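In what follows, a structure is listed as structure tokens, so that the remarks can point back to it.
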2 protein chains.
Amino acid sequence: MATIKQIAKKAGVSYSSVSRALNNQTGVRPEIRKKVLEIAQELNYHPHSSAKALVQNRIGVLGVVIPRTSEFAFQNPYYSHMLLGLSSVANDMGYHLMLVINQQQSHASLYHSHLVDGIVVLANRIDDPYIPELVRDNVPTVVVPGYPDGWEFDVPSVNSENYQDVYRAITYLLNLGHRDIAFILGGMNSNYSLVRLDAYKAAFRDKGLEYKDKYIKESDFSKTDAFRLMGYLLNLPDPPSAVISINDATTPGVLHQINSRGLRIPEDISVVAIGCSDLVDLTDPPLTTIKVPVTQVGRAAARVLIELIEKGDCRERHVVIPSALVVRESTGVWPSS
Amino acid sequence: MATIKQIAKKAGVSYSSVSRALNNQTGVRPEIRKKVLEIAQELNYHPHSSAKALVQNRIGVLGVVIPRTSEFAFQNPYYSHMLLGLSSVANDMGYHLMLVINQQQSHASLYHSHLVDGIVVLANRIDDPYIPELVRDNVPTVVVPGYPDGWEFDVPSVNSENYQDVYRAITYLLNLGHRDIAFILGGMNSNYSLVRLDAYKAAFRDKGLEYKDKYIKESDFSKTDAFRLMGYLLNLPDPPSAVISINDATTPGVLHQINSRGLRIPEDISVVAIGCSDLVDLTDPPLTTIKVPVTQVGRAAARVLIELIEKGDCRERHVVIPSALVVRESTGVWPSS
DNA sequence: CTGTTTACTGCAAACGTTTGCGATTTAGCT
DNA sequence: AGCTAAATCGCAAACGTTTGCAGTAAACAG
């Protein structure tokens, strides 16, 4: 492995000059710089990132932590899209990505051992015990999604319009005449579940209507569980006339349950999906969907984190990426006949 | 940030003793060891990984590179499953994961700059220009999937039974009476496409039958393209009676095309899917599937790579993870009436 | 009590960089 | 030519560890 000293010896200059030449800093004669660069090329020189990190106190790596999650949850295309967004910005800004899934120890230790310069926590849970430590220790951190308003501490976050989206979707369904609208949620420690349920309730309230608790079901974010819950709902004496499914993991389960009973969408039941998967287009009929711009969220998260690392602060602590309710053919007026 | 020197000063011992105590090496009095550990705890000490790496010439990170891939290709649950497998073994063995997507420079530079101790290349393409460099420079490397037999160089690899699976599936279809079997492939620079196409052809040949080139279609691994190609196939004067779809990205396109024409599965056309997604269970009818054990492949890849890093060599250079053809209801005898 | 092994301890070098500072050269002006 | 300012250059320290080696103390055997 070639080092700066070897280049220096071969070029007949001191190694501080080599360093300056390689980092194209000022204070080195053009001819020397040229010569150094040539030799570096020839020797296939690559700077030793650890040595560099040691003196500069910066390693150029973003930690991406995905807290303890089940295997089925990780199948969610959410993570792929997010990683793609994070990676693209990180690449452009000269950072690498360290991926940490299901790690059993504190997030902060990654930072304290100088493996990463900052951390983004994906699919953040309200009860994640390690976030307070990140805040206390001043670790550059971005959480996705953010905490509800008025939370006890303030961490930079990136969100899509979780609240507005669901609010719009429910309002839309209410306007179509639906009143018995089921909501297949995830666990209530997920910020997504919390915020989206709030929006669900608010949409009813703002129209002077009552939602019914029995139509609100917490899943474990798996297809299987969504299938089960949807079965329960359809077995009710007064089954819902519409259902909204919280993410790409639950939607297939919901659809499967509906299809397996031979129910027609939207004549017998309207369906609204939330997610980033474009599998929804596959369904028959195409699903009315809250299309979550996950890749964009990932890009923004990387951007904010890098700003946090480099400037020590960020201009916008809570970024919101706009999204949209895409109305397709799985929703219809109620009653339908 | 606490350092070893601070601990040393506080404990009143030399910092070599502290180092030995922390790495529980021999040669330090039990009482001192205890004291050191207490102080380390109290000071929230974390070893500086760069400093460690500098002297030990080992950073404890596996590079996971996903070569230039399109956004839609990365949606494939393949990657999630793989990362889960890699991560679980890496965690257990004390390694971290560096995720590199779509990087524009050579894979080897990651290693040369000491960012990683070794590299696994996912969804390796036959024409990836950076693999030879990894081989030449003796970088600990595992590719998934491997190269075809007799390839010009030999890189450790992990595969599922790509060949056998397709061979079995085609044989199964032939036994059902099918002769016009379409194959929706990916690009022919993908090792998956190459190997699986070989198996397709061999299955025909070994039964003394002829396959027809017109039923073999190369997609770009996208749902959209699969939809288009399936449309083309169904428009033929003699459309295929069965179709096999190469991965989780193409299958939805294939199904969508079939469904949108109101064709019945398996009465009008039999379908075999290849993939790791369990979305296939969602379809009606449930799909006959070559279930690819991607997470296992990921686990094996990490295991081999770590062995390569630590021992300098590995016992088994080409690991094959067994998989299975799961026959469900999307395949039937032909002709069906 | 002496000699020998064993367990512990600390010094200092090494890993490959960056960077402040002083020394030296070069360039620019009169 | 003589003076000043600017550009270039190299020395050496520093970053936080690990580790070989030599030295010291303790334990043990004779």
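The structure displayed is predicted, hence computed values, not measured ones. The sequence lines fix the lettering, A, B, ..., with proteins before strands; numbering per chain opens at 1. For the numbers below, each heavy atom of this structure counts, side chains included, while hydrogens, waters and symmetry mates do not.
- For Glu42(B), the salt bridge (charged side-chain N to carboxylate O under 4.0 Å, His left out) partners two or more places apart in sequence, or in a different chain, are Lys10(B).
- For DNA chain C, the span of nucleotides reached by chain A at under 4.0 Å from its heavy atoms goes, 5' to 3', from dG16(C) to dG20(C).
- Note on Gln25(B): only backbone sugar-phosphate atoms sit closer than 4.0 angstrom, heavy atoms only; bases stay farther off.
- Legend: residues meeting side chain to side chain donor-acceptor pair (under 3.5 Å) with Glu31(B), ordered by chain and number and at least two apart, are Arg29(B).
- Trp151(B) and Phe153(B) have perpendicular rings, their planes meeting at more than 60° on a 0 to 90° scale where under 30° would count as parallel.
- Applying the side chain to side chain donor-acceptor pair (under 3.5 Å) criterion to Glu310(B), with sequence neighbours excluded, gives Tyr95(B).
- When the side chain to side chain donor-acceptor pair (under 3.5 Å) test is applied to Ser87(A), no partner is found at least two apart in sequence or on another chain.
- Taking the side-chain contact (heavy atoms from CB on, under 4.5 Å) definition, one finds that Gln104(A) meets it with Arg68(A), Asn91(B), sequence neighbours left out.
- In this structure Ser16(A) satisfies the side chain to side chain donor-acceptor pair (under 3.5 Å) test together with Ser14(A), sequence neighbours excluded.
- Screening residues 1-29 of chain B for ring-ring contact (aromatic ring centres under 6.0 Å, His included) gives no qualifying pairs among residues at least two apart or on separate chains.
- At a non-hydrogen distance threshold of 4.0 Å, Leu54(B), Val55(B) from residues 43-55 of chain B come into contact with DNA chain C.
- Remark: His96(B) engages no residue in a ring-ring contact (aromatic ring centres under 6.0 Å, His included) (not counting sequence neighbours).
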* Structure fact -> Nucleotide by nucleotide, nucleotides 5-11 of chain D touches protein heavy atoms under 4.0 Å in the pattern (B base, S sugar-phosphate only, - none) ---SSBB
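- Every side-chain contact (heavy atoms from CB on, under 4.5 Å) that Leu83(B) has, sequence neighbours left out, goes to Phe74(A), Leu83(A), Leu99(A), Ile101(A), Val64(B), Leu86(B), Leu99(B).
- Nucleic acid contact class of Asn57(B) (heavy atoms, under 4.0 Å, all strands): none.
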